[in-house]
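First the structure, in the form of structure tokens, and then the observations on it.
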Amino acid sequence: MSFPPFLCFFFFVSFLPLSTPLTSSPYLSPTIFHPNYQKMTQNFKIYAYPPPETLSFDSQVESLFYSSLIHSHFITQNPEEAHLFFIPFSFHSGLSARAAAYVVGNYRTEFIYWNRTLGADHFFLSCSGIVHGADRNVVELKKNSVQVSCFPTTAGLFIPHKDVSLPPLANVHAPVHAPGRKSSSYLGYVKYNWVKESNIKEQLLADPEFEVESEPSDQVTYEERLAGSKFCLFEYGPEISAIGEAMSFGCVPVVITDRPIQDLPLMDLLTWQQIAVFVGLSGGVNEIKRVLGRVVMAEYEDMRESAAVASKHFVWNDTPQPFDAFYMVMYQLWLRRHTIRYAEREWA
């Protein structure tokens, strides 16, 4: 019996033996990443279609990515030298399948580039994901083009190994230097809205090994809590967007979920099982403590250091800086520049 790739990843992460030797490198291919990154910055070219008169996005991170891209050296005015084509349209949460089909239809009629690959060398921004539709243009957009969406993406609207999720926009400034070795009187820290499941939240509140911030405090800042905690607990959902902040302060993320993980940011770049701990919902706090108890000090220090190193790739700058979130999204798009040319007869 075989499983889809994203399910295999979920099972591998969920049941990885915590005695597996870890290193301080968070990268899937450390020796390949840096040479490829340099090639990307020097050679990658993107042609952007003319934008509509008005353009708005669902989120700040989408707007920041769009602005960074349009003003970057990756943009070319010569479509013949482009590796990928960008559709600068707001595929927002209220956009109907009919409207999306209209946009693609216009580009298909006015330009020759879509029809060469049926959109497989195109990408677009959509924070909430594109819904399925019967129209040929929507099917091609959904099936072939790269969707750049927010993290986490709506369940069922993200296709692993094709689509890309944007690292979340941080609400706090990360420390300049990686945090040093730490000790904490608590096993884990949970901000008041990071866990939604009521039973687990009640169990965490009743367990003295966990610090649950039920109300914002003037005594200890959010940054101090992150810096002073070994593990930070997140239930998979909108609040997991703070995962990059936790990593930057040396707080190893613990992701609580029973659903397959498909859309973790930078999945083409990072070895997530060396950065975070994944545990199911069904076992409650006892299962969380059992899993965390198996992380010995040496393994924990490696995970913490890996998370701190990886966190620099979650930083968004108004003016992009090397290796920051914008450049890492571009790197993932660069990896997708080799497209499959679909035969027109498939639609005959």
Side-chain angles (χ1 to χ4, degrees), residues 3-14 28 57-66 69 84 86-87 89-97 100-101 103-104 118-133 137-169 234-244 253 255-273 275-276 278 281 313-314 325-326 328-337 339-340:
F3 296 96
F6 69 87
L7 282 177
C8 294
F9 174 81
F10 175 70
F11 293 143
F12 176 71
V13 167
S14 299
L28 287 166
F57 297 101
D58 279 343
S59 67
Q60 185 180 352
V61 70
E62 282 178 293
S63 298
L64 185 53
F65 174 79
Y66 174 76
L69 173 63
L84 293 179
F86 174 54
I87 303 174
F89 193 83
S90 178
F91 291 92
H92 52 76
S93 56
L95 185 74
S96 66
V103 171
V104 174
L118 302 188
D121 55 1
H122 288 56
F123 71 97
F124 62 95
L125 275 170
S126 177
C127 197
S128 55
I130 290 292
V131 298
H132 297 277
N137 293 324
V138 176
V139 172
E140 289 178 1
L141 181 71
K142 181 70 179 176
K143 173 185 175 183
N144 300 343
S145 300
V146 178
Q147 173 182 283
V148 179
S149 57
C150 296
F151 171 72
T153 308
T154 305
L157 299 184
F158 185 93
I159 301 176
H161 310 296
K162 177 181 76 68
D163 296 339
V164 173
S165 57
L166 297 169
L169 197 63
F234 300 91
E235 184 176 343
Y236 188 82
E239 287 71 27
I240 201 175
S241 61
I243 192 170
V255 182
I256 307 169
T257 179
D258 279 334
R259 60 167 286 187
I261 303 295
Q262 305 179 49
D263 61 338
L264 286 167
L266 312 182
M267 285 185 68
D268 302 310
L269 176 69
L270 301 177
T271 305
W272 271 96
Q273 66 267 27
I275 296 171
F278 295 79
L281 274 167
H313 304 312
F314 284 71
F326 170 73
M328 291 302 98
V329 174
M330 297 306 296
Y331 180 75
Q332 291 188 103
L333 290 171
W334 164 256
L335 296 178
R336 288 157 173 75
R337 71 194 184 281
T339 61
I340 299 172

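Please read these numbers as outputs of a predicted model, since none were measured by experiment.
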Do side-chain atoms of Arg337 reach the backbone of Leu333 as a donor and acceptor pair under 3.5 angstrom? no
Between Lys162 and Asn144, the two heavy atoms sitting closest are CD-O, 3.8 Å
Rounded to the nearest 0.5 Å, what separates atom CD in Glu235 from atom CD1 in Ile240? 9.5 Å
Is it the case that the side chain of Asp263 and the backbone of Thr153 share a donor-acceptor pair, with hydrogens and angles ignored and the cut-off at 3.5 Å? yes
Heavy-atom check, side chain of Leu69 versus side chain of Met330, under 4.5 Å: yes
Point-to-point distance, once rounded to the nearest 0.5 Å, from CG of Leu125 to CD of Glu62: 5.5 Å
When you measure from the side chain of Ser241 to the backbone N and O of Pro168, does any donor-acceptor pair fall under 3.5 Å? no
Parallel, tilted or perpendicular: which one describes the rings of Phe326 and Phe65, with boundaries at 30° and 60°? tilted
How far does CG of Leu28 sit from OG1 of Thr271, to the nearest 0.5 angstrom? 3.5 Å
Between Trp272 (side chain) and Pro265 (backbone), is there a donor-acceptor pair under 3.5 Å? yes
Given Lys143 and Leu118, is the side-chain contact (heavy atoms from CB on, under 4.5 Å) satisfied, shown in steps? CA-CA 10 Å; Lys143 173 185 175 183; Leu118 302 188; over 6 Å; no
Only one of Leu166, Ile243, Val61 passes side-chain contact (heavy atoms from CB on, under 4.5 Å) with Phe151, and that residue is Ile243
Return the OG to CG distance between Ser149 and Asp58, rounded to the nearest 0.5 Å. 11.5 Å
Separation between CD1 (Ile275) and CG (Leu270), nearest 0.5 Å, reads 4.5 Å
Just verifying a value: how many Å separate Cys127 SG and Phe57 CZ, rounded to the nearest 0.5 Å? 10.5 Å
Which atom pair, heavy atoms only, marks the closest approach of Gln147 to Leu157? NE2-O, 2.8 Å
What one should report as the nearest heavy-atom pair of Lys142 and Phe158 is NZ-N, 4.3 Å
Return the orientation label for the Tyr66 and Phe86 ring planes: parallel under 30°, perpendicular over 60°, tilted otherwise. tilted
